[in-house]
Structures are given as structure tokens and as C-alpha cells.
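Since the structure comes first, as C-alpha cells, the remarks are kept for the end.
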Amino acid sequence: MKVTGFELRRIAMPLVSPFRTSFGVEHDRDVLLVRAVTEDGAEGWGECVAMSEPLYSSEYVDGAAEVIRRFLVPAVLSLPDADPYLAEVPFAKIKGHPMAKAAVQTALLDAKLRIAGTPLAAHLGAVRDRVPAGVSVGIMDSIPELLEAVEGYLAEGYLRIKLKIQPGWDVEPVRAVRERFGDILLQVDANTAYTLADARHLAKLDPFELLLMEQPLPEDDIRGHAELARQVRTPICLDESITSARAAADAIALGATSVVNIKPGRVGGYLEARRVHDVCAANGVPVWVGGMLETGIGRAANVALAALPGCVLPGDTSASDRYFRRDVTAPFVLAEGHLAVPTGPGIGVEPDPDALAEVTTATQWLAR
Ligand SMILES: CC(=O)N[C@@H](Cc1ccc2ccccc2c1)C(=O)O
Ligand SMILES: [Mg+2]
């Protein structure tokens with residue numbers, strides 16, 4: 001596959017409501033989309049999931065754009081065949097920047113599959129045509145406000161509730177949701193906000209029969225998570241720590257995780273994400289697909305990934321209107337708590353040109 005160039009397009013997407021986590025509050029998404037154009041006019045799309053600031057991980061969108069411009073696009077354009085699998089070789093020589101790599105790799109993968117007429121879900125090994133949807137609920141100003149939000153999501157049909165927690169907002173919100181809504185599927189995500197010294201406090205969540213506790217400790221504290229797992233009953237799920245298939249194998253072998261949140265942007269793309277899925281499946285570790293407040297471009301690919309056999313828990317693949325009033329693609333809409341897996345070639349969706357124009361803040365063409 002010969003690529004003639006890439007378009008980098010920045011879009012500004014206001015969120016329908018502020019989204020608060022232990023690392024900050026988001027009001028808008030400043031998203032970088034990558035479009036690959038091939039010699040015979042085919043094109044492929046990828047979404048960079050990096051935030052505006054390096055608060056979830058070390059990447060941030062301006063930095064990712066720079067890495068794509070200076071290192072990743074030149075590496076692809078120098079390949080005789082711009083195949084996403086072949087591109088992994090020069091990409092591996094560039095240290096880090098998984099979200100930047102994932103955006104470029106996905107644009108290439110989308111183009112390759114559109115040319116072949118193969119849906120991404122089929123290429124990855126999907127076994128379902130729809131996936132159960134969970135929803136991530138931010139930290140709120142009060143318990144009543146939280147209960148109102150959870151009630152709304154349950155009424156929309158979401159099959160699993162995830163509550164963001166941090167020191168000072170953990171046991172009480174979980175207790176209130178459990179008492180109000182009974183035995184719904186419920187889990188929490190701390191985004192690295194605790195330390196091992198909080199183990200006894202985190203054990204107070206055990207009576208609420210949570211599905212899992214996501215990333216309680218810092219990204220690089222694998223030993224701490226293994227020790228914490230010995231002190232609390234709630235299963236530990238890692239997110240930020242799982243940066244590759246090898247990281248997943250290590251965390252599992254060290255007893256640091258018993259469930260894994262898979263995010264293609266965190267591991268460098270959908271090809272490595274499938275490897276993480278396969279390593280976890282081989283170890284009997286359930287996985288689910290996390291979210292980074294993606295537009296329909298990233299959401300479409302995530303829903304395809306969520307249809308793999310090892311994805312046995314509802315993911316954060318929520319409907320488009322969880323985050324955006326108007327998506328740049330046809331919206332993903334909840335149907336009986338599920339999202340339909342796209343059936344078209346590649347990621348199976350296209351941005352609507354008018355919707356895209358409405359939110360575009362910058363565009364740049366990068367050619368040989
Ligand atoms: C759905 C969910 O909870 N996602 C991340 C956290 C997160 C939160 C806020 C974000 C804002 C902009 C971009 C990415 C973001 C990711 C997580 O699972 O840890
Ligand atoms: Mg998380």
C-alpha cells in the first residue's frame with residue numbers, strides 16, 4: 001500500500017458535561033485526527049486519544065502532533081509498503097509515544113482494510129455483532145448529584161456503572177450508589193490516586209462487592225499493586241500500568257492484576273491491543289475495553305475490539321451522547337444497553353464533512 005501523505009486535523013469538541021477524575025476536570029476535548037491517503041485515493045482514519053495536558057500519562061496532544069510530524073510520518077513515507085504491520089518495525093525504534101503511534105497505525109490499518117473490504121472487527125477476530133456498554137461517571141460535587149447521574153445512565157440502559165474515586169470521595173459515594181441501586185454491576189477507577197498506605201482504607205470497599213478496583217496506585221507501582229491485592233478482596237484491574245503485552249504478562253505473573261482495561265492508545269495501537277487481549281486470555285484474565293472520550297472515529301475501532309472473545313466485561317465504550325452533543329460521525333446509540341459493532345470495511349465509519357468542518361480548528365497536510 002503506497003501512502004501519498006497524511007492530514008493532521010485538530011478538532012475542538014465541547015463535552016456535554018464536565019468530566020472530573022482524580023487528575024483533573026475536562027470541559028472540552030482538543031482532539032487530533034490523522035487521515036492517511038493512499039496512491040489510489042483510498043483513505044484511513046485514526047484518532048489520537050492524548051489529552052491537552054499530560055495528566056493521564058506523559059503524552060499530550062501538541063506533543064503527539066509533533067512526534068507524528070517529525071518522526072512517525074517520515075518513517076511511514078520512507079517504507080516501500082506502508083502496511084501497519086510493517087510500520088511497527090520503525091515505530092519500535094522510536095521510544096514511547098504510544099498514543100501518537102496508535103493514531104498513525106490506525107489510519108494505516110483503516111486504509112488497508114477499506115481497500116481489502118474487510119471490517120476491523122473481522123480482522124481482529126471479533127465474535128459478537130454488538131457489545132455491552134458500561135459508563136464512566138466522574139467525581140461530583142455531592143452525593144445527591146452523583147445518584148442523579150447514575151440514575152440517568154441506568155435509565156438509558158447502561159449495563160455497568162464505573163465511579164471515579166479519589167481520597168475523600170470513595171467509600172461514601174460507593175455506599176450511596178449500592179444502597180440506592182442494589183446489585184447493579186459496579187466498579188471504581190482511582191487513576192493512580194492512592195498509595196499502599198491506603199490499603200486498609202481501600203479494604204472498606206470490599207463489602208460493596210465491586211467488580212474491580214481500577215488502577216489504585218501509580219502506573220509504575222507493580223509491586224505495590226501485588227501487595228495491595230493481598231490486602232483487599234476487590235479484584236485489582238490495571239489501566240495506566242499496562243503499556244504493552246509484555247507489561248500485561250509481567251503484571252499477571254506478579255499477581256498485580258486480575259482484570260485488565262485494554263486501551264489501544266495506551267499500548268501503541270490495535271495490533272498491540274489484540275496482543276494484550278491474547279496474553280490475558282491465555283492467563284485466564286478477563287479484559288474489557290477502556291475509553292478516552294473518543295469521537296466516533298476512535299469509538300468505532302474500540303467497539304470492534306470490544307467484540308473479541310476475551311472481552312467478557314462491559315467496557316467504557318459508551319454512546320456518543322455520553323460525551324458529545326454532536327459526534328463527527330454518525331452517533332453510536334445505545335440499544336438495550338449495547339452498541340452495534342460497525343460492519344463496513346475498516347473502522348466502518350466516516351466523519352461527516354459538515355460536522356467535521358464545524359469543529360475543525362486546524363489542518364495540515366504532510367507529504368513525502
Ligand atoms: C472513560 C474514562 O474514565 N477514561 C479514562 C480516564 C480519562 C478521563 C478523562 C479524560 C479526558 C480526556 C481524555 C481522556 C480521558 C481519560 C480511564 O479509564 O482512566
Ligand atoms: Mg482507568
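Read the numbers this way: they start at 1 and go in the same order the structure lists the ligands and their atoms. Below, each value reflects all heavy atoms present in this structure, side chains not excepted, and no hydrogens, waters or symmetry copies.
When only interatomic distances are considered, the shortest N/O to N/O separation between Glu26 and ligand 1 does not fall below 3.5 Å. Checked against a 3.5 angstrom limit, the closest N/O atoms of Lys263 and ligand 1 fall inside it. For ligand 1, none of its N or O atoms has an N or O atom of Glu240 under 3.5 Å away.
Here the heavy atom of the protein found nearest to atom 10 (C) of ligand 1 is Leu293 CD1, 3.7 Å. Protein heavy atom at the shortest distance from atom 2 (C) of ligand 1 is Gly291 O, 3.6 Å. Of the protein's heavy atoms, Met292 SD, 3.7 Å lies nearest to atom 16 (C) of ligand 1. In terms of protein heavy atoms, atom 3 (O) of ligand 1 is closest to Lys164 NZ, 2.8 Å.
Residue contacts to the Mg ion (ligand 2): Asp316 brings no N, O or S atom closer than 2.8 Å. Within the 2.8 Å limit, Glu240 places no N, O or S atom next to the Mg ion (ligand 2).
Listed by number with element, the atoms of ligand 1 under 4.0 angstrom from any heavy atom of Glu214 are 18 (O).
Electrostatic pairing of Lys2 and Glu39 does not count as a salt bridge here, judged by no charged N lying under 4.0 Å from a carboxylate O.
Contacts with ligand 1 closer than 4.0 Å are made by side-chain heavy atoms of Arg29 only, the backbone lying farther away.
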